[in-house]
Amino acid sequence: MSATDALMMAAEGGVIGDGRTGANLALGVGLIGVTIGWLALARAAGRISTGNARTGALSAMAVGLAGTALAVLHLATSSGGPGTGNGLVGAIAAIPLGLIAMVLGRRALTRLAVASASTAEHGQPGAVGPRRRMP
């Protein structure tokens, strides 16, 4: 089975299940992406000291992209309108979740870049202004 076939099967709800399974999968992936992005942003800000903020940010962006792709694919392949039980409303709700995950990951990467530039410029993390030499 190719990757395209696997995505189509996931978006359509798989072999077993109703039409909402694909939308629920996209919602779950989007929520996981938002959670990973929020944790990466907290790590980049220094509120959480465990884990790697860069890896978390990149993971949030990838998971958010996957959630958005699954939601769009489900919207493209489902028939009927909202309220028919095909999961259209869930897929529509999953798109912003995936986009939020990507934005949170990008913000964490930006915060890390600013922090590393500040560290390189001033020689120590959190330093404000130029370094002064003691006489």
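Note that the structure is a prediction, hence the values are computed from the model and not measured.
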Could you state the interatomic distance from [atom1] ([X]) to [atom2] ([Y]), rounded to the nearest 0.5 Å?
X	Y	atom1	atom2	result
Thr68	Ile100	OG1	CD1	9.5 Å
Asn24	His74	CG	NE2	8.5 Å
Leu65	Leu99	CG	CG	9.5 Å
Trp38	Arg43	CH2	CZ	9.5 Å

Notebook entry, point to check: Any chain of hydrophobic side-chain contacts (each under 4.5 Å) joining Val103 to Leu39?
Noted result: no
For residues [X] and [Y], report the shortest heavy-atom separation together with the two atoms involved.
X	Y	answer
Ile36	Gly56	CG2-O, 3.3 Å
Ala94	Ala71	CB-CB, 3.8 Å
Ala108	Ala44	O-CB, 3.8 Å
Ala91	Ala23	N-CB, 3.7 Å
Ala60	Gly33	CB-O, 3.8 Å
Ala26	Gly67	CB-O, 3.9 Å

Checklist line | Pairing residues for Leu97 by the side-chain contact (heavy atoms from CB on, under 4.5 Å) criterion, not counting sequence neighbours | finding: Leu27, Leu31, Val34
Note to self: Holding to side-chain hydrogen bond (donor to acceptor under 3.5 Å, both in side chains), I want the full list of residues that pass it with Thr55, two or more places apart in sequence or in another chain.
What the structure shows: Asn52
Check: What's in the same ILVMFWY side-chain cluster as Leu58, cut-off under 4.5 Å, chained through other members?
Finding: Met61, Leu109
